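Scroll down for the structure; my scribbles are underneath it.
Remember, it's a predicted structure, so these values are computed and weren't measured experimentally.
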Amino acid sequence: MMTRVFRSAPLPPLPGLDPDAARPVVMGIVNVSDDSFSGDSLKGDAGRAIQQARAQVAAGAAMVDLGAESTRPGAAPVSVQQEIDRLLPVLEGLRDLGKPVSVDTRHAATMRAVAAAGAAILNDISALEGEGSLAAAAASGLPIVLMHMQGEPGTMQSAPQYDDVVAEVLAYLESRIAACAAAGIARAKIILDPGIGFGKTVAHNLALLRALPRFHGLGCPLLIGVSRKSFIGAIAHEPDPARRLPGSLAVALHAATRGAAILRVHDVPETVQALALWHAISGPESGGNPAVQKS
Ligand code: 7PJ
């Protein structure tokens, strides 16, 4: 077998993030939608989200990702104003977090509002394809996560189709890097994500995960989100997402070994522990794994 080097491009400079830190870092998922807490006040939701973000950072998350729009098929639609109203109190409450707060949004107006309120990263599952998003992201000056998705969240899992999923996702991300360049967003600000589970069958997800090293050729750090996703349930015969931690850790370590820079996860302490052991064995001290070499 050919020797492959799994080296990630450097992350953009971010507050509280050691640029020399061994990779990957953990991004804790904080859900600010009220789907699971219907009937609770917004104030209560914001307080819980703030608490959860702080607990994740205390457990070793290098950053958190706030999302207010559920992208699950069948989820109740959220207006842009509702999205902003849910995010802003949480961002305000996290001003002193000391770690970057990313915001998961597809909307230009939300991008502008959260950038003004202290967000440090814009995470867009539609790779800035929304109306006005390229301009809003460029004006923010913030690092951007560009994710690949086939179709729309409501219907994307009905019949995903590719001739060559890896080639198509690579070409799509390259085209979005070019769109960013045209809008004045430098490649050094961009983080890429193949969008595991977003318009992909189990086989498509596995093909992308096997091909992660090829994505380093695009010259940007990689963010990988697999935590509790349905392909893990399908393979492990586990219908309950809350019981998919073992599978999520297995895939997280696979991505770590292939040079992922950021792992987006629900289970922060567990993922941090798994990475600590992986790193102790195969990190720079071992003289070994280029995936965790300092950049
Ligand atoms: C992802 C995301 C992901 C990025 C969600 C879930 C669905 N953003 N937002 N990558 N997933 N960049 O967490 O299962 O994989 S929401």
Side-chain angles (χ1 to χ4, degrees), residues 8-14 27 29 32-33 63-71 77-84 86-88 91 100-156 160 165 168-200 208 215-225 260-262 264:
S8 188
L11 282 172
L14 286 161
M27 168 188 261
I29 299 168
V32 194
S33 75
M63 57 184 74
V64 297
D65 187 39
L66 305 182
E69 182 196 30
S70 177
T71 50
V78 176
S79 76
V80 173
Q81 193 54 52
Q82 274 175 315
E83 185 186 42
I84 293 171
R86 285 179 189 173
L87 289 165
L88 290 192
L91 277 167
V101 178
S102 160
V103 173
D104 190 340
T105 183
R106 298 190 280 162
H107 303 112
T110 307
M111 291 176 194
R112 283 190 291 272
V114 301
I121 302 173
L122 300 175
N123 173 26
D124 185 357
I125 63 166
S126 65
L128 303 180
E129 288 208 59
E131 197 182 330
S133 292
L134 279 166
S140 76
L142 296 175
I144 317 288
V145 180
L146 300 177
M147 195 197 81
H148 173 274
M149 165 168 63
Q150 183 179 85
E152 277 292 307
T155 52
M156 64 191 179
V165 66
E168 287 170 47
V169 173
L170 280 167
Y172 173 80
L173 292 175
E174 184 69 66
S175 77
R176 297 312 296 162
I177 294 170
C180 282
I185 301 169
R187 196 180 289 249
K189 295 241 176 203
I190 296 173
I191 298 161
L192 297 176
D193 183 344
I196 299 300
F198 284 85
K200 280 115 185 162
L208 287 166
F215 286 80
H216 296 309
L218 296 171
C220 299
L222 303 183
L223 183 155
I224 304 297
I262 302 174
R264 182 181 178 279

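- Closest of all the heavy-atom pairs between Ala119 and Leu142 is O-CD1, 3.4 Å.
- Minimum heavy-atom separation, Ala109 to Val80: CB-CG1, 3.8 Å.
- Taken from CG in Leu88 to OG1 in Thr110, the straight-line distance is 9.0 Å, to the nearest 0.5 Å.
- Contact check for Leu128 versus Ile185: side-chain heavy atoms found under the 4.5 Å cut-off.
- A 4.5 Å side-chain heavy-atom check between Pro194 and Ile224 finds at least one atom pair inside the cut-off.
- Atom-to-atom distance recorded for Asp104:CG and Leu87:CG is 9.5 Å, nearest 0.5 angstrom.
- For the pair Thr105 and Glu69, the minimum side-chain heavy-atom distance is 4.5 Å or more.
- Without hydrogens or angle criteria, Lys200 side chain to Val165 main chain gives no donor-acceptor distance under 3.5 Å.
- Counting only heavy atoms from C-beta outward, the side chains of Pro12 and Pro221 approach each other to under 4.5 Å.
- Leu11 CG to Leu223 CG: the interatomic distance, rounded to the nearest 0.5 Å, is 9.0 Å.
- Annotation for Ala136 and Ala108: closest pair CB-O, 3.8 Å, computed over non-hydrogen atoms.
- For the residue pair Ile196 and Gly225, the shortest heavy atom distance occurs at CB-O, 3.6 Å.
- Rounded to the nearest 0.5 Å, atoms CG (Asp124) and CG (Leu122) are 8.5 Å apart.
- Annotation: side chain to side chain donor-acceptor pair (under 3.5 Å) contacts involving residues 173-189, sequence neighbours excluded, comprise Glu174-Arg187.
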Test Asp193 against Arg264 for side chain to side chain contact (heavy atoms under 4.5 Å, CB included), laying out the working first. CA-CA 10 Å; Asp193 183 344; Arg264 182 181 178 279; 5.7 Å; no
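- In this structure, Asp65 CG and Met27 CE are separated by 4.5 Å, a value rounded to the nearest 0.5 Å.
- The pair Glu152-Arg106 meets the salt-bridge criterion, with a side-chain N (NZ, NE, NH1 or NH2) lying under 4.0 Å from an Asp/Glu carboxylate O.
- Each of Met147, Gln150, His148 was scored for a side chain to side chain contact (heavy atoms under 4.5 Å, CB included) with Val169, with one residue passing: His148.
- Considering all non-hydrogen atoms of both residues, Ala120 and Leu14 come closest at O-CD2, 3.8 Å.
- Considering only heavy atoms from C-beta on, Ile190 comes within 4.5 Å of Cys180 through its side chain.
- Annotation: side chain of Leu146 is not in contact with side chain of Cys220 (no heavy-atom distance under 4.5 Å).
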Would you sort out whether Leu192 and Phe215 count as a side chain to side chain contact (heavy atoms under 4.5 Å, CB included), showing the intermediate values? CA-CA 8 Å; Leu192 297 176; Phe215 286 80; 5.9 Å; no
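- The structure places CG of Asn123 at 10.5 Å from CE of Met63, a figure rounded to the nearest 0.5 Å.
- Here the closest heavy-atom approach between residue Ala127 and residue Tyr172 is recorded as CB-OH, 3.3 Å.
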